Peer 1: 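Here it is: the structure, laid out below.
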Amino acid sequence: MASKRKQELELRFYEVPQGELVLPLIGPSWIRDYGNDTSGQHFHNLMEIGYCIDGKGEIVMDGHSMPYSAGVLTVLPKNYPHVTISAPEKKSYWEYLFFDPEMILNDVYPNKRMFVKKIEKLVNSSGHYYEKGENEELSGIVRIIMDECRHRKRYSGECIRGLLLSLLMAIARQGSVQEAMLENEAEVSRQQGGIYHISSALEYISKLYMENIKLETLAECCNLSETHFRRLFVEYMNMTPVEYINLIRIQQACELMQKGPYSMEELALKVGYTAMSTFNRNFKKIIGTSPYQYKKNSGKYQGKLLNVNVKAKKGW
């Protein structure tokens with residue numbers, strides 16, 4: 001009997017616009033066919049909030065399938081596998097918010113490190129799925145944020161900042177209530193296998209990509225031997241751990257170029273490269289040009305990140 005084919009995952013990454021706290025994907029352009037099978041399973045570098053305005057279908061979250069229709073709300077932490085599947089020959093209308101909880105919490109609470117870590121842990125503890133009317137508090141905040149992003153009235157930036165904080169606290173409240181249950185479910189999922197085998201390593205890399213990360217440390221995070229960990233990582237991510245770390249580092253370097261007037265030496269150090277030659281070599285390997293050329297004309301080269309072998313996609 002042929003062995004079962006491993007589920008291939010895509011990393012779809014988004015960039016929050018400079019000077020903003022959230023990337024809204026809203027409007028009629030999001031009325032579309034969202035696919036018809038589970039082959040499009042993916043995860044993101046940011047938290048995703050999805051709200052279904054119209055349509056029917058199925059959403060698969062970390063291997064669990066639920067039907068969706070108008071009014072369904074989803075809350076998906078970064079690195080959380082999922083896929084949306086439209087009903088046959090039907091289009092659906094979803095709108096989304098993408099943001100980095102840690103960035104928002106640090107912006108509001110710059111001197112409360114422990115509190116920020118606690119809230120961040122709760123909001124990232126699990127994905128959430130709510131049917132219409134199941135959590136009006138959360139759905140109401142999400143709809144108001146989307147409307148503020150849509151209409152951009154006076155002081156919208158300040159309103160969105162406060163609403164995002166309210167949204168995170170509402171999500172953290174849910175995470176606190178379910179924390180014990182989710183820990184048990186996560187343990188069961190780890191025993192059953194799948195992406196959970198390496199999820200701890202993905203989370204570790206996303207937070208500490210700028211450090212000197214050793215394969216031994218990543219394997220320990222997942223309670224695996226180095227050999228077994230590396231084999232599973234390649235099977236699920238279609239690249240080695242070192243290649244994935246370099247992808248994340250270069251992605252972060254590209255984002256930093258848009259956010260501040262850093263020198264190339266500063267950029268290299270911020271994303272974990274102590275040698276400029278290593279930074280330049282990996283940047284050119286992934287993007288296809290040097291960091292200096294990218295900075296001069298970033299729009300020309302941004303799509304290059306889509307061509308890496310992890311099947312990474314920038315959004316849709």
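Reckoned from all heavy atoms, side chains included, excluding hydrogens, waters and symmetry mates. Only a predicted model underlies this, so the values are computations on that prediction, with no experimental measurement involved.
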Peer 1: Say whether, by atom type as modelled, one donor and one acceptor occur between the side chain of Y262 and the main chain of A268 under 3.5 angstrom.
Peer 2: no
Peer 1: Please tell me if the side chains of F98 and V22 come closer than 4.5 Å, counting only heavy atoms from C-beta onward.
Peer 2: no
Peer 1: For the CG atom of N135 and the OH atom of Y129, what is their distance to the nearest 0.5 Å?
Peer 2: 13.5 Å
Peer 1: Any donor-acceptor pair under 3.5 Å linking the side chain of E243 with the backbone of T240?
Peer 2: yes
Peer 1: Backbone N or O of I213 within a donor-acceptor pair of the T217 side chain at under 3.5 Å?
Peer 2: no
Peer 1: Check whether any side-chain heavy atom of K284 lies under 4.5 Å from a side-chain heavy atom of S290, and answer yes or no.
Peer 2: no
Peer 1: Report whether L267 and Y292 are members of the same hydrophobic cluster (ILVMFWY, side-chain heavy atoms less than 4.5 Å apart, transitive linking).
Peer 2: yes
Peer 1: If hydrophobic clusters are built by linking Ile, Leu, Val, Met, Phe, Trp and Tyr wherever their side-chain heavy atoms come under 4.5 Å apart, do V142 and I144 end up in the same one?
Peer 2: yes
Peer 1: Looking at NZ of K270 and OH of Y209, how far apart are the two atoms once the value is rounded to the nearest 0.5 Å?
Peer 2: 9.0 Å
Peer 1: So does E235 pair up with R231, basic N to acidic O under 4.0 Å?
Peer 2: yes
Peer 1: Can you give the donor-acceptor pairs under 3.5 Å from side chains of residues 101-115 to other protein atoms, not counting sequence neighbours?
Peer 2:
unit_1: N106; atom_1: ND2; unit_2: E102; atom_2: O; d: 3.2
unit_1: D107; atom_1: OD2; unit_2: R161; atom_2: NE; d: 2.7
unit_1: D107; atom_1: OD2; unit_2: R161; atom_2: NH2; d: 3.2

Peer 1: Show every salt bridge (charged side-chain N to carboxylate O under 4.0 Å, His left out) that has at least one partner inside residues 73-100, sequence neighbours left out.
Peer 2: E95-R150
Peer 1: Do E58 and M66 come close enough that some side-chain heavy atom pair is under 4.5 Å?
Peer 2: no
Peer 1: State, yes or no, whether a side-chain contact exists between L167 and L138 at a heavy-atom distance under 4.5 Å.
Peer 2: yes
Peer 1: Using the side chain to side chain contact (heavy atoms under 4.5 Å, CB included) rule, take L21 and V16 through it: C-alpha gap first, then chi angles, then the decisive distance, then the call.
Peer 2: CA-CA 7 Å; L21 290 174; V16 175; 5.6 Å; no
Peer 1: Are F279 and V242 co-members of a hydrophobic cluster defined by side-chain heavy atoms under 4.5 Å apart?
Peer 2: no
Peer 1: Test side chain to side chain contact (heavy atoms under 4.5 Å, CB included) on F13 and L247; report intermediate values, then the result.
Peer 2: CA-CA 11 Å; F13 65 91; L247 171 64; over 6 Å; no
Peer 1: Does this structure show an ion pair linking E136 with R143, if we count only N-O contacts that are shorter than 4.0 Å?
Peer 2: yes
Peer 1: Less than 4.5 Å apart, side chain to side chain, heavy atoms only: is that true for N45 and S206?
Peer 2: no
Peer 1: Give a yes or no on whether R154 atom CZ has more than 12 heavy-atom contacts from other residues, nucleotides or ligands under 6.0 Å away.
Peer 2: no
Peer 1: Do the rings of H82 and H44 sit parallel, tilted or perpendicular, given the 30° and 60° boundaries?
Peer 2: tilted
Peer 1: Any donor-acceptor pair under 3.5 Å linking the side chain of S166 with the backbone of G162?
Peer 2: yes
Peer 1: Report yes or no: do T74 and Y51 form a side-chain donor-acceptor pair below 3.5 Å?
Peer 2: no
Peer 1: Do L215 and V234 belong to the same hydrophobic cluster, where Ile, Leu, Val, Met, Phe, Trp and Tyr are linked whenever their side-chain heavy atoms lie under 4.5 Å apart, directly or via other members?
Peer 2: no
Peer 1: Answer yes or no: is there a donor N or O on one side and an acceptor on the other, between the side chain of S86 and the main chain of Y34, under 3.5 Å?
Peer 2: yes
Peer 1: Would you call L11 and I248 a side-chain contact if the rule is heavy atoms closer than 4.5 Å?
Peer 2: yes
Peer 1: Report yes if some heavy atom in the side chain of Q251 is under 4.5 Å from a heavy atom in the side chain of V271; otherwise report no.
Peer 2: no
Peer 1: Hey, can you tell me if Y96 and W30 have their rings parallel, tilted or perpendicular (30° and 60° cut-offs)?
Peer 2: perpendicular
Peer 1: Going from CD on Q174 to CG on L122, what distance comes out if it is rounded to the nearest 0.5 angstrom?
Peer 2: 11.0 Å
Peer 1: May I ask you to decide whether E203 forms a salt bridge with K207, counting only side-chain N to carboxylate O separations under 4.0 Å?
Peer 2: yes
Peer 1: Do L97 and Y93 share a hydrophobic cluster (ILVMFWY, side-chain heavy atoms under 4.5 Å, transitive)?
Peer 2: yes
Peer 1: Does R249 make a cation-pi contact with Y273, if we ask for NZ or CZ under 6.0 Å from the ring centre and within 45° of the axis?
Peer 2: yes
Peer 1: Name all residues meeting the salt bridge (Lys or Arg N to Asp or Glu O under 4.0 Å) criterion together with E216; count only those two or more places apart in sequence or in a different chain, and write none if there are none.
Peer 2: none
Peer 1: Any side-chain heavy-atom pair from P17 and L23 closer than 4.5 angstrom?
Peer 2: yes
Peer 1: Taking the six-membered ring where the residue is Trp, are the ring centres of Y80 and F43 under 6.0 Å apart?
Peer 2: no
Peer 1: Near E131 CD, under 6.0 Å, is it more than 12 heavy atoms from other residues, nucleotides or ligands?
Peer 2: no
